[in-house]
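Below: one structure, written as structure tokens.
Here is the naming used below: chain letters follow the sequence lines, and residue numbers restart at 1 for every chain.
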Amino acid sequence: MVVRRAEGAVQARELADDGTTVAGTLVPADRFAAFVAGRERAPVRWVWDDTTRWYPALLEGGVRIERCTDLRLAHAVLRRSPFVDQSLLAGEQTAGWDALQPVTAADPALFPVADPADRLDPVAEHERQQVALAASVHAQRLALLLAAESSGALVAAEMTHTGLPWRADVHERLLTGLLGPRSSAGGRPPVLERLLGEIRAALGAPLLNPDSPGELLRALRTAGLPVTDTRSWSLEQLDHPAVPALLEYKKLSRLLQANGWTWLETWVRDGRFRPTFLPGGVVTGRWASSGGGALSVPTQIRPAAVADEGWRFVVADVAQLEPRVLAGMSADAAMAEAARATDLYQGMVAGGAVAARAEAKVGILGAMYGGTRGESGRMMPRLARRYPRAIGLVEEAARAGERGEVVHTLLGRGSPLPAGGWARRPVDPGEPPDDGGSAEDRDRARRAWGRFTRNFVVQGTGAEWALCWLADLRNRLWRLGGAGALGRRPHLAFFLHDEVVVHAPEHLADAVVAEVQAAAATAGRLLFGSFPVDFPLDVAVVGSWGDAG
DNA sequence: CTGACTTGCGCC
DNA sequence: AAAGGGCGCAAGTCAG
């Protein structure tokens, strides 16, 4: 069913099996939610321009849908995929689809005025996408990616709708305990005020504002300290009476600015934290977020996320997702064998690849992030001998990036092309060949891009695993849960790259644990088939997020 | 004054 | 001498 906004109404067109549209219906806007609810009684896929423009209003109306095709997200994937013949996506509206942005504002209006999306034809775009998909040598993988991406869009909207249960009173108690009572008119709370006094005295700088990196750096140097920046890690290396107070000040000041009383007032309403999640918001395919720094909620304040009375959180995260994904996508049997253990790094020790867990960890992280020198560099030859396919895959991705080529994830998400002049091929004989500065600058940029593409393939495939996990779990939770609206059943409340928080009635918590596990197994099979790589979860049933892990 | 950039730090 | 990827956010800084 393809839907399109049409002047206070919705035009809905049935899709035939061959992809052509048949009957069309015009549904008044105020009856659309009921129309959708009615159609959901039988299996149906909603094809629409962009989930953020449709689903929030349906959820407000109490309607949950089973599946959709999000043309905006699918378009973005297909346009960059090296598995796709780009000429098949060309059309007069291609630029319009390229430019389409999600709507993030909590705008209750289903039909915002002058939305550029309204000029786009979803039927034509859907048809182009289907043709491009069918012609691809990796149609199945891409189809899985598009389905997972669309499912992710539904999850994201649902999580914003239900929100993460958040106890303002617990949060405030936490803040007061660490900072002292909130001070009025933008002044520092008492604990920060006291630390400020200590810092100023110890540095002999009575007017110092430690929030200014420049001022602080000058004050430290005047006090005779050999520093070039003011990062906590650098300050920790110094032996000076001002340092402990300064480190404490930085930590608490960060808490106050990022997740203090202002954050609480801005982002927590009616006992729920409701950030906006942006599926596909990161080039690798990871989600981004906006509002309240959702993907970096510090562990410090997680105790304020408390399940409702009679409800529990099921918190699950994948141990060492990315190295496991690397083992799977490279079909490296030796690394997959190490991944059979709950702790992959320990498994590498047991397999004889390295002598100690710490070596395994720093070596693998270096292989995935591009740390080729120092401790991790020293491990590389040994890892490459022991895990030739896994290490070979990331090395090849790095080399391809250094040559300015596109790399791709397992399911076919393509990396962007580098923007710098170092990689640009001459387009026109008259064009200057390069704008990249000195040879060293170009080499540095080339290596940096190689580190990016090296990480892209692993981080991106990890994101694909997580999307499949999330999508399958969403359906399992729905089937688990009796009747009623989304928020009255077990539901996903939060997602952070490789971790989910499910909010569920207490009596269903154990069943949720089983579903979370089953969904992880499904995700592994969807991506890697019968190749034996495990994705063990750390799962906790808790009353508060702070009690997990 | 606004907007763009840098710095630093939280998360994965 | 150091040399790791991806983000969002807030404050400071600086240019216009």
Side-chain angles (χ1 to χ4, degrees), chain A residues 104 186 188 208-218 226-236 246-247 249-260 262-263 266-267 275-302 317-323 325-326 361-380 394 397-398 401 407 409 413 415-416 440 443-444 447-463 465-466 494-500 545 549:
Chain A
T104 52
R188 293 181 176 85
L208 171 69
N209 169 19
D211 298 325
S212 162
E215 262 187 63
L216 180 56
L217 192 59
R218 280 189 293 277
V227 283
T228 54
D229 63 69
T230 63
R231 295 187 190 103
S232 291
W233 189 88
S234 305
L235 301 182
E236 271 171 32
L246 201 43
L247 291 172
Y249 179 92
K250 277 173 161 286
K251 196 171 176 61
L252 291 175
S253 171
R254 163 81 194 178
L255 171 66
L256 172 68
Q257 304 299 359
N259 298 100
T262 307
W263 181 92
T266 310
W267 299 110
T276 304
F277 295 91
L278 298 166
V282 177
V283 284
T284 59
R286 272 190 177 180
W287 289 15
S289 73
S290 84
L295 301 186
S296 56
V297 176
T299 53
Q300 238 174 346
I301 62 161
R302 290 185 188 183
D317 73 282
V318 199
Q320 304 136 353
L321 173 62
E322 289 179 357
V325 157
L326 175 57
K361 181 170 179 177
V362 77
I364 288 295
L365 290 180
M368 293 190 309
Y369 290 151
T372 52
R373 307 288 176 103
E375 174 79 30
S376 62
R378 278 198 297 281
M379 302 305 304
M380 286 303 285
V394 285
V407 297
T409 60
R413 193 186 300 267
S415 64
E440 290 99 70
D443 276 357
R444 198 174 304 117
R447 283 194 301 271
W449 195 257
R451 286 193 298 275
F452 165 66
T453 52
R454 169 195 296 271
N455 184 252
F456 180 95
V457 295
V458 182
Q459 185 185 120
T461 307
W465 184 94
F494 216 75
F495 170 61
L496 269 127
H497 310 308
D498 63 359
E499 174 176 0
V500 294
W545 193 14

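- Here B:dC12 presents its P atom at 12 Å from CD of A:E322, a figure rounded to the nearest Å.
- Side-chain atoms of A:S290 never come within 3.5 Å of backbone atoms of A:T276 as a donor-acceptor pair (strictly under, hydrogens ignored).
- Note on A:L365: a base of the nucleic acid sits closer than 4.0 angstrom, heavy atoms only.
- Side-chain proximity of A:H497 to the nucleotides C:dC9, C:dG6, B:dG10 is greatest for C:dG6.
- Comparing the same atom, P, in C:dA2 and in B:dG10 gives a spacing of 23 Å after rounding to whole Å.
- Within the 4.0 Å cut-off from OP1 or OP2 of B:dC11, at least one side-chain nitrogen or oxygen of A:T299 is found.
- At least one side-chain heavy atom of A:R188 sits under 4.5 Å from a side-chain heavy atom of A:D211.
- Residue A:L365 holds its CG atom at 12.0 Å from CE of A:M379, rounded to the nearest 0.5 Å.
- Between A:T230 and B:dG8, a side-chain N or O to OP1/OP2 separation shorter than 4.0 Å is present.
- The side chain of A:P213 approaches B:dG8 more closely than any other nucleotide in the set B:dG8, C:dG8, C:dG6.
- Nucleotide C:dC9 holds its C1' atom 10 Å from the CG atom of A:N259, rounded to whole Å.
- Within 4.0 Å (heavy atoms only), A:Q459 reaches at least one base atom of the nucleic acid.
- A:G292 comes within 4.0 angstrom of sugar-phosphate atoms only, judged by non-hydrogen atoms across all strands, and of no base.
- Taking the six-membered ring where the residue is Trp, A:F452 and A:F456 present perpendicular rings, their angle passing 60° and hence far from 30°.
- Classification of A:R286 and A:E322 as a salt-bridged pair holds, one side-chain N sitting under 4.0 Å from a carboxylate O.
- Rounded to an integer number of Å, the gap from CD of A:E215 to P of C:dA11 is 16 Å.
- Residue A:R231 is in sugar-phosphate contact alone, with no base atom involved, counting any heavy-atom pair closer than 4.0 Å across all strands shown.
- The nearest whole Å value for the distance from the CG atom in A:L235 to the P atom in B:dG8 is 9 Å.
- Side-chain nitrogen and oxygen atoms of A:R451 include at least one within less than 4.0 Å of the OP1 or OP2 phosphate oxygen of C:dG5.
- Among the nucleotides C:dC9, C:dA10, C:dC7, the one closest to any side-chain atom of A:S290 is C:dC9.
- Contact annotation for A:A258: no contact, since no heavy-atom pair falls under 4.0 Å across all strands.
- Per the geometry, CZ belonging to A:R286 stands 10 Å off P belonging to B:dC12, to the nearest Å.
- Between the CG atom of A:L255 and the CD atom of A:Q300 there is a distance of 4.5 Å, given to the nearest 0.5 Å.
- Among the heavy atoms of the strands, none lies under 4.0 Å from A:R444.
- Within 4.0 Å (heavy atoms only), A:G281 reaches no atom of the nucleic acid at all.
- In this structure, the NZ atom of A:K250 is 12 Å from the P atom of C:dG12, given to the nearest Å.
- Look at A:K251 and you won't find any side-chain N or O under 4.0 angstrom from OP1 or OP2 of B:dC9.
- Within 4.0 Å (heavy atoms only), A:V458 reaches no atom of the nucleic acid at all.
- For A:D211, counting side-chain heavy atoms from C-beta on, the closest listed nucleotide (C:dG12, B:dG10, B:dC9) is C:dG12.
- For A:S289, taking side-chain heavy atoms from C-beta onward, the closest of the listed nucleotides C:dG8, C:dG6, C:dG12 is C:dG8.
- In this entry the distance linking CG of A:L246 with C1' of B:dG8 reads 13 Å, nearest Å.
- A:F452 places its CZ atom 11 Å from the P atom of C:dG5, with the value rounded to the nearest Å.
- Side-chain nitrogen and oxygen atoms of A:N209 include at least one within less than 4.0 Å of the OP1 or OP2 phosphate oxygen of C:dG12.
- Under a cut-off of 6.0 angstrom, the local environment of NZ in A:K250 is crowded, with over 12 non-hydrogen atoms contributed by other residues, nucleotides or ligands.
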